[in-house]
Amino acid sequence: MTSPTPPQAYVSPALGWLLAVPALLGALITLVLPTAQTIWLSFQSGGVLRESSYVGTANYGELLGGADFWRALGFTFSLTVIPLLVAVVVGPLLALALDRAGTWTRRAGRIVFSLAVVAFSPVAVAGAWLRGAMPHASGLVTLAEGLREPATAPGTFRLIVAAATFGVVCALAVIAFLPALRGGTPGPATLVVAVLVALAVVAVGLQTFSLGLVLTRGGPQRATETLAGLQYDYAFRLAEFGPGASVAALTGVILGVLGIVATVVAVAARLRITLTPRTTSQHETATPHPTTASYGPGTDPSGAGTPAPYGPGTDPSGGGSPAPYGPGAPHPYGPGAQLPDKSGVPVTPSAPAVGMTVVGVVALVLVAGVAFVLTWPWMDGVLASPATPAGTVSAQVNTWIPAVVGAVVSVGVAYLAALGIGGLRPLGRASEWLLLLFAPWLFVGPGPLAVANWQNVHNLGLIDTFPALIPPLLVSVPALLVLTLLCRGLAERAGGDFFGGVLLPSLPMAGILAGAVALVNAHDLLWPMLVVQKPALFTAPVAQVNQLASYTATAPDVGAATPLAVVAVALAALVAAQLLYLDRLAIRTNGSHVRTPPA
């Protein structure tokens, strides 16, 4: 006799609206209003040094009628070509090789590429490449000598960007594609993820600022000027907010379109993220143990999430004969047992073929070797870094405390909204379409809103204060999208258990995303450079740029932005997250089912 199913606490879908309110208010305050303010400023002339006046569309006419904007737009787009190929060609092929190679190869790949994520700092990388222009430089870093001439600078700049970002792009692509390959029918999920990754790479590339400012400052003769650099020159070097806001608005339009397209693709494909059951190893693979946490009521033990034709006390083949599948009864699947698929036919996971393991190992060694060679200028620079103010305790405090605070707030607010939209689903099947309210800012970084946000901080009298270093963003839209898709996938299998089936399993992902956003905030150069001028408030990237501009050191302080203690803590956290949580993620689209993953 089986025990009855424990009653699940009912959580009203109406609570979903309440949980989404902080994100809606945060988006209104820190996204919608600054966007409207940027558009209004684009119709003005003047700025800090002289009074503003309304000039209509004159700024846009001058900008679109001249050569500077189009040259910057074309060059910025060109910077995304090689990283885009790496992301959508090398990334998925490497992910496929690791996925098919078995447990230890896949986990080794996750660990190796974790280092590329936590150690990447655009300012530090660019500073390392500048060492190639110094006397007695040798090796790959001497490529930087081509930045001196207008004819060779654009091509050299593209190659340096491609080399500097190769490792981190590969790492992030593998993190994105591995769950898609574990979604049961990986083709559709992989295609959707490829579209999202491609859009993200283009959007991030369009906002390139740190590399351009450090390497060339847009020169020589504006040959390497990016859109973000052009905006910075107009708004902050020339103190002309109108033209600067015009560049920001046009950049924002492009990013807004990319964000809307990405959101529509994800929602229309019914993309969702879920967790595969914990596994135990058997011949390089594993047999999941069905548990009530993994399979909600009315679902089959294969984890497909579809209604099963058998209830408590019947066998999974549908024959109606008694079987110990009732609530509270022990499951017959122990280590080494066969697992029925959704048709009821027992399936025994097989070990990966030796050939696939060899292919996976070779692919990992090859890509990691290329990443190592391309990253050597940074590693060599870290070993030769002198002691400078960029590496002091005060610089690290200025860097990491505001970065962490901003990440906790923006991801925390996004997480509440994700629980409401994806977990409680206030609009039923159409709930994910609420993400369209945030979609235009999915890929928008600090740059396009920098003019408006600087003006607001200036009006509040916060320039040159520690609070000004906190990123002016109350909701992380990328985190909102990812967490909503995860909460949706978990809710489908939770069987009404919101707390145990959605909230608790999604908490680790919220923590992982908060850590990722903190890393991005800490390595940002534009915002802290705009709001602080006192050396005592410099962040590590700002102090590095200040050092490079003053030429007071014999070599750039490459290691200041990635101190060993921070790298060690971040690497340990990311490796643990990769092995214990991210390795269990599976991405599905409409009609796909989670397959039995390797351990």
Side-chain angles (χ1 to χ4, degrees), residues 7-33 179 196 259-260 262-275 293 296-297 305 406-444 473-517 581 585-590:
Q8 304 289 355
Y10 174 74
V11 181
S12 172
L15 180 60
W17 293 109
L18 183 61
L19 292 175
V21 167
L24 291 171
L25 291 177
L28 176 63
I29 296 171
T30 60
L31 293 176
V32 177
L33 292 181
L196 298 180
I260 292 172
T263 304
V264 170
V265 168
V267 176
R270 297 191 63 197
L271 198 70
R272 60 266 204 200
I273 308 171
T274 190
L275 285 173
V408 170
V409 171
S410 62
V411 176
V413 170
Y415 182 45
L416 291 178
L419 289 172
I421 297 172
L424 296 175
R425 307 180 63 73
L427 293 181
R429 290 172 58 90
S431 297
E432 285 73 31
W433 289 108
L434 290 172
L435 293 173
L436 282 177
L437 296 174
F438 307 89
W441 298 274
L442 176 62
F443 298 129
V444 173
L473 185 65
L474 293 178
V475 55
S476 171
V477 181
L480 173 60
L481 175 65
V482 173
L483 289 168
T484 299
L485 298 178
L486 175 62
C487 290
R488 172 184 179 172
L490 294 173
E492 290 180 350
R493 303 173 61 177
D497 183 7
F498 176 75
F499 182 79
V502 179
L503 177 62
L504 292 181
S506 61
L507 267 175
M509 178 60 82
I512 292 169
L513 292 176
V517 173
Y581 191 85
L585 293 181
I587 296 178
R588 294 187 290 160
T589 56
N590 188 25

Could you walk me through whether L419 and F498 pass the side-chain contact (heavy atoms from CB on, under 4.5 Å) test, one step at a time? CA-CA 9 Å; L419 289 172; F498 176 75; 4.2 Å; yes
Does the side-chain contact (heavy atoms from CB on, under 4.5 Å) test come out yes or no for L480 and V413, once each step is laid out? CA-CA 8 Å; L480 173 60; V413 170; over 6 Å; no
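Using a distance-only test at 3.5 Å, with no hydrogens or angles considered, no donor-acceptor pair links the side chain of R588 to the main chain of L271. With T30 contributing its side chain and A27 its backbone, the two residues share no donor-acceptor pair below 3.5 Å. Between the side chain of R493 and the backbone N or O of L275 there is at least one donor-acceptor pair closer than 3.5 Å.
T274 and G489 make their closest contact through OG1-O, 3.9 Å (heavy atoms, listed as atom of the first residue, atom of the second, distance). Here the closest heavy-atom approach between residue P426 and residue G420 is recorded as CD-O, 3.1 Å. Smallest separation of non-hydrogen atoms from V517 and S410: CG1-OG, 4.1 Å. Here the closest non-hydrogen pair linking G422 and E432 is CA-OE2, 4.2 Å. Minimum heavy-atom separation, P22 to L416: CG-CD1, 4.4 Å. Contact detail for A494 and V502: the closest heavy-atom pair is CB-CG2, 4.0 Å.
The line from OH of Y415 to CG of L507 is 3.5 Å long, rounded to the nearest 0.5 Å. Remark: T263 OG1 to L196 CG distance equals 8.5 Å, nearest 0.5 Å. Rounding to the nearest 0.5 Å gives a distance of 10.0 Å between CE of M509 and CG of L485. Separating the CZ atom in R270 from the CZ atom in R488 is a distance of 4.5 Å, to the nearest 0.5 Å. Remark: L424 CG to L19 CG distance equals 6.0 Å, nearest 0.5 Å. A distance of 7.0 Å separates CG in L585 from CG in L486, rounded to the nearest 0.5 Å.
Within the 4.5 Å cutoff, the side chain of F443 has no heavy atoms near those of the V477 side chain. The closest side-chain heavy-atom distance from V444 to L31 is not below 4.5 Å. For the pair W17/L427, a side-chain contact is recorded, criterion being any heavy-atom separation below 4.5 Å from C-beta on. Proximity of S476 to L513: side-chain heavy atoms (C-beta onward) are nowhere separated by under 4.5 Å.
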